[in-house]
*Asks:* 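Could you have a look at this structure, given as structure tokens, before my questions?
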2 protein chains.
Amino acid sequence: MQSQRLPTLEDVARVAGVSRATVSRVVNGVRNVDPQLHEVVWSAVEQTGYVPNRLARSLVTRRSGTVALVVSDSETHDDDPFMSRFFADPYFGRVVGGLMSVLRPAGVQLALQMVGAEGHRRLVGDLRNGQADGAVVLSLPARDPLPGLLAEARIPAVLIGRPAEPLPISYVDLANETGAALAAECLVARGCQRVSMISGPADVPASQDRITGFHRAMARHGHAWVPSAAGNFTRESGEQAMRALLAEEPDGVFVANDLMALGALLVLRDAGKRVPEDVAVIGFDDSSAALAARPALTTIRHPLEDMAAEAAKLLLARVEDPAGRVSSVIYEPTLVRRQSA
Amino acid sequence: MQSQRLPTLEDVARVAGVSRATVSRVVNGVRNVDPQLHEVVWSAVEQTGYVPNRLARSLVTRRSGTVALVVSDSETHDDDPFMSRFFADPYFGRVVGGLMSVLRPAGVQLALQMVGAEGHRRLVGDLRNGQADGAVVLSLPARDPLPGLLAEARIPAVLIGRPAEPLPISYVDLANETGAALAAECLVARGCQRVSMISGPADVPASQDRITGFHRAMARHGHAWVPSAAGNFTRESGEQAMRALLAEEPDGVFVANDLMALGALLVLRDAGKRVPEDVAVIGFDDSSAALAARPALTTIRHPLEDMAAEAAKLLLARVEDPAGRVSSVIYEPTLVRRQSA
DNA sequence: GAACGCTTGGAGAGCGCTTTCCAGTCTTCG
DNA sequence: CGAAGACTGGAAAGCGCTCTCCAAGCGTTC
């Protein structure tokens, strides 16, 4: 068993026969150290099994080598089943994977922070205190005050998904309107005459954009009215919405995400409709669910991993140069043609 | 805009007209403070917008209020696409959700740590240095040295999934053998005569248990030989395995997880087999994929969220009392009967 | 040979916080 | 009325690290 106390700089210095300062310089790779001493110090580090104490280091450097992934859900409560849904959704995992692909090679850690409205002040304080060098924010509620607070406190931050209102803060987003328009074009090109839409929650910006984008594009093709039903991005809600829409006898449906589209497919099938012959269905996200569906889902590709990776890069750049320009990058979605439309 | 420097204890003390020590006592809710002073201090805290610096606090208390979720993947590399698969898999999200359900109410943060073999020493050092109070470990490789290192260093840790070899470390696990046996019973009870199995990777303990449990149970019913094909828990690999198994003309298939079962269902369908009439299929996990499948998947329920929550509780208890007993809790799986068998 | 510049390593002052120790104050009882 | 006891609150010593000075050593140059 190892001793209770971990070796400190002091210990290494004693073993190497130099001062703390010198060891610190060697460990941190600062020049101006005699190569021979360098050698001696490293072997002392080896010998003692020294590992720098990040906390102590961060306290003085004000750099933690950590970024926070903030999941802001000011509107939900602890016992809300919503959270478990959120984590189980591929969305969360894809974002984490994308972030990690950049953060890990950079040697930066990821800390998961969930905060409700009460936690905002504390979060901002913790962040400013050096708990993390910056934050990637996943804003769930429509009008989240958090991005504003972050901007005001000048904390390096990048949003995934545009803020509800213009803010001096970087973000990555998808051209949701374009994606929805792509779906509309495809449906129209197939000759669909009675097109419906299953949308996401009305108060989420991404969801809004898909709605307006779709409606606008359909209107351009003479379809001024599109029967719609809203879901909450879960498969179950997709089933429900589809059932409600069945009365409209649609021959084409655009669904605001794949999970709901999966539900729609199920309902259509149970209703004896053939897809795509009787009803064409287009999803959104190109998640793994799209490929697993039968018929395989024609969908709008949402390169979430790439976007998260880009967010991580933007954040790292901003941490490096906090004075840099606020920037945002918008990804163009593409239509992935499979069997459902 | 706020000032660059954050208020410190010192500042609050000055405003309140007391000493740093007193403010610290008040903020940390230590008794022995005159109620009146108490009041004064709080309003000074309010007024200055003081937020304690966790780093500084942790440095002295040796408690960080954070636990690490360690994803140990000593065998893969940074550019390995495996990682993105891992995060996109519902498994990861379900674990995070389960952990959070306990950690969040307890005010404990979660830090995500991915480490390869090279990072083990550093990780253990960081943990001992107080970076985190404990670790929940998701061991990917079969024979991972990390749990052993953690145990040796006496770091509070809980594994999700039993260690490859006995170790003085707590863990939560599923009775995988029992689960597999349940599937076997069900298939046999249906009267299946030609049963096959699609297994997971041969070197993962959970996967091994499902294999031996299934074979043993089948043997008990006189089926000494079960044709098998191994996948890697992805849907694609499930398709592949099913295609290979088609030659055996099975009338029942047990698949070691739902994702692969989804793939199997697809192949079966394309091969013109009806499920469950021609071939009965049983999955494992009862993930959301099971419900989304058509026919809905009969599967073995794996209460991953509950298990992760339990892991968090065990960890917290161990952090509280490091001398406590090493304990493990094994969950009993249940059969969820749906349409595929 | 003295003055100068350069490199190298040590001393020490914090970073913001907790916590022990101790002095001062107020009770209370003999 | 004085001393023992119970509380309160302050001073100060660190936690482990970085980094700014500063002193010492050495080679140059005039």
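The figures here come from the full heavy-atom set of this structure, side chains too, leaving out hydrogens, waters and symmetry mates. We name chains A, B, ... by the order of the sequence lines, and we start the count at 1 in each one. This one's a predicted model, so the numbers in the text were calculated from it and none came from an experiment.
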*Asks:* At under 4.0 Å between heavy atoms, what does Asn129(A) touch on the DNA or RNA strands: base, sugar-phosphate, or nothing?
*Replies:*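 Nothing, no nucleic acid heavy atom in range.
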*Asks:* Looking only at the side chain of Leu59(B) (C-beta and beyond, no hydrogens), which of the listed nucleotides dC15(D), dG10(C), dC17(D) gets closest?
*Replies:*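 Output: dC15(D).
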*Asks:* So what does Arg20(B) touch, heavy atoms closer than 4.0 Å: a base, only the sugar-phosphate, or nothing?
*Replies:*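 Base: the residue Arg20(B), judged by heavy atoms under 4.0 Å, touches a nucleobase.
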*Asks:* Taking only side-chain N and O atoms of Thr22(A), does any of them lie within less than 4.0 angstrom of OP1 or OP2 on dG10(C)?
*Replies:*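 So the side-chain polar atoms of Thr22(A) do come within 4.0 Å of the phosphate oxygens OP1 or OP2 of dG10(C), strictly under.
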*Asks:* Closest to the Arg25(B) side chain: dG12(C), dA12(D), dG9(D)?
*Replies:*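 Ranking dG12(C), dA12(D), dG9(D) by closest atom to the Arg25(B) side chain puts dG9(D) first.
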*Asks:* Give the intermediate values and the outcome of salt bridge (Lys or Arg N to Asp or Glu O under 4.0 Å) for residues Lys313(B) and Glu320(B).
*Replies:* CA-CA 11 Å; Lys313(B) 280 182 206 152; Glu320(B) 218 52 59; over 6 Å; no
*Asks:* Give the nucleotide from the list dG9(C), dA11(D), dC19(D) with an atom nearest to the side chain of Thr61(A).
*Replies:*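 Among dG9(C), dA11(D), dC19(D), the one nearest the side chain of Thr61(A) is dC19(D).
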*Asks:* Work out how much the helix from dG1(C)-dC30(D) to dG30(C)-dC1(D) bends between its end axes, five pairs an end, to the nearest 10 degrees.
*Replies:*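 If I round to tens, the end axes sit 60° apart.
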*Asks:* For Asn53(B), does its backbone N or O pair with a side-chain atom of Asp126(A) as donor and acceptor, under 3.5 Å?
*Replies:*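 No; judged by distance alone, with no hydrogens or angles, the pair does not exist.
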*Asks:* Of Ala21(B) and Leu55(B), whose closest DNA chain C nucleotide lies nearer the 5' terminus?
*Replies:*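 Result of the comparison: Leu55(B).
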*Asks:* With respect to the phosphate group of dT18(C), does any side-chain polar atom (N or O) of Asn28(B) fall under 4.0 Å of OP1 or OP2?
*Replies:*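 Yes, such a contact exists.
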*Asks:* Hey, what's the ring geometry for Phe87(B) with Phe92(B), parallel, tilted or perpendicular (30° and 60° as the breaks)?
*Replies:*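 Perpendicular.
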*Asks:* If you pin Ser19(B) and Ser24(A) to their nearest nucleotides in DNA chain D, which one's is more 5'?
*Replies:*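 Looking at DNA chain D, the more 5' nearest nucleotide goes with Ser19(B).
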*Asks:* Any chance you could lay out the side chain to side chain contact (heavy atoms under 4.5 Å, CB included) test for Tyr91(A) and Leu138(A), step after step, and finish with the verdict?
*Replies:* CA-CA 11 Å; Tyr91(A) 183 83; Leu138(A) 238 42; 4.2 Å; yes
*Asks:* Any donor and acceptor pair, going by atom type alone, linking the side chain of Asp133(A) with main-chain N or O of Val319(A) inside 3.5 Å?
*Replies:*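 Side chain of Asp133(A) to backbone of Val319(A): no pair is present.
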*Asks:* Ignoring backbone atoms, test whether Thr8(A) places a side-chain nitrogen or oxygen under 4.0 Å from the OP1 or OP2 oxygen of dG16(D).
*Replies:*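 No, Thr8(A) has no side-chain N/O under 4.0 Å of OP1/OP2 on dG16(D).
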*Asks:* Backbone N or O of Ala132(A) within a donor-acceptor pair of the Thr66(A) side chain at under 3.5 Å?
*Replies:*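 Not confirmed, Thr66(A) side chain does not pair with Ala132(A) backbone.
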*Asks:* Could you check whether any side-chain N or O of Asp11(B) sits under 3.5 Å from a backbone N or O of Thr8(B), counting only pairs where one atom can act as donor and the other as acceptor?
*Replies:*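 Checked: pair present.
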*Asks:* When you get a sec, tell me which of dT18(D), dT20(D), dG16(C) is the closest nucleotide to the side chain of Val60(B)?
*Replies:*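 Of all the options, the side chain of Val60(B) is nearest to dG16(C).
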